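Just so it is clear, the model here is predicted, and its values are computed rather than measured.
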Amino acid sequence: MGWNQLRFLGIASRPRVPTMSLEDLYCDVDEFCQVFLPAWHRQLLSGGERKRRRTSRLTLSEIMTILICFHQSQYRNFKAFYLLHLCRHSRGEFPHLLSYHRFVALIPTALMPMCIYLHTRRGEDTGIAFIDATSRVVCHPRRIHSHRVFKSVARWGKTSMGWFYGFKLHLVVNDRGELLAFQVTPGNVDDRRP
């Protein structure tokens, strides 16, 4: 399970432990969602007005499974993975696939559940841990002046590869490659602080 988490975060490039089958992964994610979603909806604050919760043809479990499968695959581009692999070869596993653009619009709905899922699937502390940070670039340097999405939280930072604008992802991994902890900080935060 730790390998899946690292692949989701975009850190690892080669498996050290065997990956889960698609069916096992879906069952694990679905069991998590059945417990998490009712508790999450009870805790959400409302402004007093009634809002409809429209259901998608794809469930949250399917969306999260597809996102995790992309990071287990050898594809470097999600669009290629979705259109060339999923739509062509996985219609039996996901019979209600949406168009690519509609699926991309649904990805933000899976952000919070995915973060909680990762926290619940942390590895065990074996006494040996590896700590590292990697940059997560927000946009190309030429577009920074017009970038508005993360304007208030993204910052300039420097790595051994040079300057970047965005965030740093700090990870703690045990000797088996399982995720122990992670934290996202602005790009200008010193690696020793988190």
Side-chain angles (χ1 to χ4, degrees), residues 1-37 39-40 43 60-78 81 107-141 149-150 152-194:
M1 193 61 203
W3 170 247
N4 297 334
Q5 296 162 347
L6 291 177
R7 289 301 299 253
F8 172 73
L9 294 171
I11 302 305
S13 59
R14 259 179 218 193
R16 293 187 184 133
V17 294
T19 58
M20 297 173 81
S21 71
L22 181 63
E23 185 178 342
D24 291 340
L25 176 63
Y26 175 77
C27 290
D28 189 52
V29 170
D30 192 50
E31 287 174 7
F32 165 79
C33 286
Q34 288 177 5
V35 173
F36 172 73
L37 284 178
W40 188 38
Q43 298 297 323
L60 179 63
S61 305
E62 291 173 318
I63 294 169
M64 290 173 60
T65 302
I66 289 170
L67 292 173
I68 294 170
C69 284
F70 162 64
H71 292 286
Q72 287 180 342
S73 74
Q74 300 301 317
Y75 286 88
R76 298 178 67 88
N77 179 317
F78 182 73
F81 169 76
I107 290 176
T109 63
L111 176 64
M112 183 60 70
M114 188 71 84
C115 289
I116 304 298
Y117 177 76
L118 287 176
H119 274 289
T120 62
R121 299 308 187 256
R122 290 185 289 181
E124 65 179 79
D125 187 6
T126 59
I128 300 173
F130 302 97
I131 302 170
D132 199 7
T134 185
S135 60
R136 298 280 105 192
V137 177
V138 170
C139 64
H140 192 276
V149 177
F150 292 110
S152 61
V153 289
R155 296 288 179 262
W156 279 100
K158 188 172 183 183
T159 64
S160 59
M161 300 300 290
W163 290 92
F164 71 96
Y165 182 75
F167 302 97
K168 283 185 182 175
L169 174 63
H170 306 271
L171 289 176
V172 181
V173 181
N174 68 11
D175 58 336
R176 289 184 247 161
E178 298 172 338
L179 185 66
L180 298 177
F182 65 92
Q183 183 176 4
V184 178
T185 62
N188 62 351
V189 173
D190 185 8
D191 290 348
R192 294 169 289 183
R193 205 174 108 207

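No side-chain donor-acceptor contact under 3.5 Å links T126 and N174.
Between the side chain of R155 and the main chain of S152, a donor-acceptor pair closer than 3.5 Å is present. Under a 3.5 Å cut-off, the side chain of S135 and the backbone N or O of V137 do not form any donor-acceptor pair.
Here the straight-line distance linking atom CG of N188 with atom CZ of F167 works out to 10.5 Å at 0.5 Å rounding. Here the straight-line distance linking atom CE of M64 with atom CG of L111 works out to 10.5 Å at 0.5 Å rounding. A distance of 12.5 Å separates OH in Y75 from SG in C69, rounded to the nearest 0.5 Å. Interatomic distance, L60 CG to M112 CE, rounded to the nearest 0.5 Å: 12.5 Å. In this structure, the separation between OH on Y26 and CD1 on I66 is 10.5 Å, given to the nearest 0.5 Å.
Residues E178 and E124 come closest through the heavy atom pair OE1-N, 3.6 Å. Pairing each heavy atom of P113 with each of W40, the nearest pair is CG-CZ3, 4.0 Å. Residues L180 and G123 share a closest heavy-atom pair of CD2-O, 3.3 Å. Between A154 and Y165 the shortest heavy-atom distance is O-OH, 3.6 Å. Across S73 and F81, no two heavy atoms sit closer than the pair OG-CD1, 3.7 Å.
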Under the criterion side-chain contact (heavy atoms from CB on, under 4.5 Å), I'd like the reasoning laid out for V172 against I131: C-alpha separation, chi angles, the key distance, then a yes or no. CA-CA 5 Å; V172 181; I131 302 170; 4.0 Å; yes

Walk me through it: do F164 and V138 pass the test side-chain contact (heavy atoms from CB on, under 4.5 Å)? CA-CA 9 Å; F164 71 96; V138 170; over 6 Å; no

Worked check of side-chain contact (heavy atoms from CB on, under 4.5 Å) between R193 and T185: CA-CA 10 Å; R193 205 174 108 207; T185 62; over 6 Å; no

Evaluate the criterion side-chain contact (heavy atoms from CB on, under 4.5 Å) for residue pair I107 and F78; output intermediate values, then yes/no. CA-CA 12 Å; I107 290 176; F78 182 73; 4.2 Å; yes

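Checked options D28, L179, V29; the residue passing with R121 is D28 (criterion: side chain to side chain contact (heavy atoms under 4.5 Å, CB included)). When each of D191, D190, T134 is paired with K168, the side chain to side chain donor-acceptor pair (under 3.5 Å) condition holds for D191 and for no other.
Residues F130 and D175 have side chains in contact (heavy-atom distance under 4.5 Å, counting atoms from C-beta outward). The side-chain heavy atoms of F36 and T120, taken from C-beta on, include no pair separated by under 4.5 Å. H119 has its side chain within reach of F182: a pair of non-hydrogen atoms, C-beta onward, lies under 4.5 Å apart.
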